[in-house]
Amino acid sequence: MFRNALGKTLRFLGYTVQYGCIAHCAFEYLGGIVVCSGPSMEPTIQSSDIVFSENLSRHFYSIRKGDIVIVKSPTDPKSNICKRVIGLEGDKVCTSNPSDFLKTHSFVPKGHVWLEGDNLRNSTDSRCYGPVPYGLIRGRICFKIWPLNDFGFLRASPNGHRFLDD
Amino acid sequence: MFRNALGKTLRFLGYTVQYGCIAHCAFEYLGGIVVCSGPSMEPTIQSSDIVFSENLSRHFYSIRKGDIVIVKSPTDPKSNICKRVIGLEGDKVCTSNPSDFLKTHSFVPKGHVWLEGDNLRNSTDSRCYGPVPYGLIRGRICFKNTESLMLQKAP
């Protein structure tokens, strides 16, 4: 009787580990649903919006300028942040605030990206902690699911002037 | 006959995906064998040494000063680097070279670590590309062949 219960428990554990691994890999390599919080990406993404994040692009290194990405926070490895890619490696970015008198520029180092939130006034991003290594990118947000009145692909950046052309 | 072959192929694919996922998660959360190359960690780790890397510490945030870690390279996301942790967030580290006249120091920012290779003369590390975010750490090297690397202190 005890052997029976032990066998059933082990089988149950085996299935749990098995499907846990498959679920983890599905999120890691395919994509999943993400709930965003915070005001830094308004108006594109509001707090408590539900979006779909695809995680294939980062493995194929096909993240583009203008993409909204989920990144492991460089200041707090336990949390994720959601920002827009303003510059890729080698691009020229404006590091000063729009209100500054003197504009300063710099180039994004190799292997890094420059991130900014759409809500420039209320966003801690690369203007604060500098360029972020590409390796911290977890996925690319491609679709908004909730709220339903905003269902669909995400809008382009409302801050087009932040993208500096070469 | 065609349905039979199709069924067998799908079952085979199913098992491959299943065991591939389990193997991936085993490496991601437990550990695995790593082959190192390059001179930056000599004499502790020579080029072509085979080491065992455990990947639990980084998930429990228990990486300590002096640990040898495998990190996704901040300058090339496609490759990994192997360095020793010299400073954790908040620690004071020396950012100048030993041959410099004036010594400069700085504090490691929150969420970052300062990495240096044991072979200081032949290592591109944090002295070159700055502090590295903790999130890039992949695992901690704990064994080389049969000797425990925990016993070897930084030279």
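FYI, side chains are in, hydrogens and waters are out, and symmetry mates aren't considered; it's all heavy atoms of this structure. Chain letters run A, B, ... following the sequence lines, proteins first and then strands; every chain starts at 1.
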Proximity breakdown for Pro109(A) and chain B, heavy-atom pairs closer than 4.5 Å: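 For Pro109(A), there is no contact with chain B at all, as no heavy atom is under 4.5 Å.
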Under 4.5 Å from any heavy atom of chain B, what part of Tyr19(A) do you find: side chain, backbone, both or neither?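 No part of Tyr19(A) comes within 4.5 Å of chain B.
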Determine whether Tyr129(A) and His112(B) make a side-chain contact, defined as any pair of heavy atoms from C-beta on separated by less than 4.5 Å.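 No, every pair of side-chain atoms sits at 4.5 Å or beyond.
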Do Tyr134(A) and Glu89(A) have side chains that approach each other closer than 4.5 Å (heavy atoms only, starting at C-beta)?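 No, too far: nothing below the 4.5 Å cut-off.
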Any sub-3.5 Å donor-acceptor pair from [X]'s side-chain atoms to [Y]'s backbone N or O?
X	Y	value
Arg84(A)	Gly66(A)	yes
Arg140(A)	Arg64(A)	no
Ser126(A)	Gly130(A)	yes

As a quick check of understanding, evaluate side-chain contact (heavy atoms from CB on, under 4.5 Å) for Ile63(A) and Val69(A), giving each step before the final call. CA-CA 8 Å; Ile63(A) 300 281; Val69(A) 289; 3.9 Å; yes
Could you tell me which portion of Lys72(B) (side chain, backbone, both or neither) has an atom closer than 4.5 angstrom to a non-hydrogen atom of chain A?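 For Lys72(B), side-chain heavy atoms alone lie under 4.5 Å from chain A.
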If the test is side chain to side chain contact (heavy atoms under 4.5 Å, CB included), which one of Leu136(A), Val85(A), Ile86(A) qualifies with Leu115(A)?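 For Leu115(A), the side chain to side chain contact (heavy atoms under 4.5 Å, CB included) check succeeds only for Val85(A).
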Listed by residue number, which members of residues 26-60 of chain A have a heavy atom under 4.5 Å from any heavy atom of chain B?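 Residues Glu28(A), Tyr29(A), Arg58(A) are the ones that qualify, each having a heavy atom under 4.5 Å from chain B.
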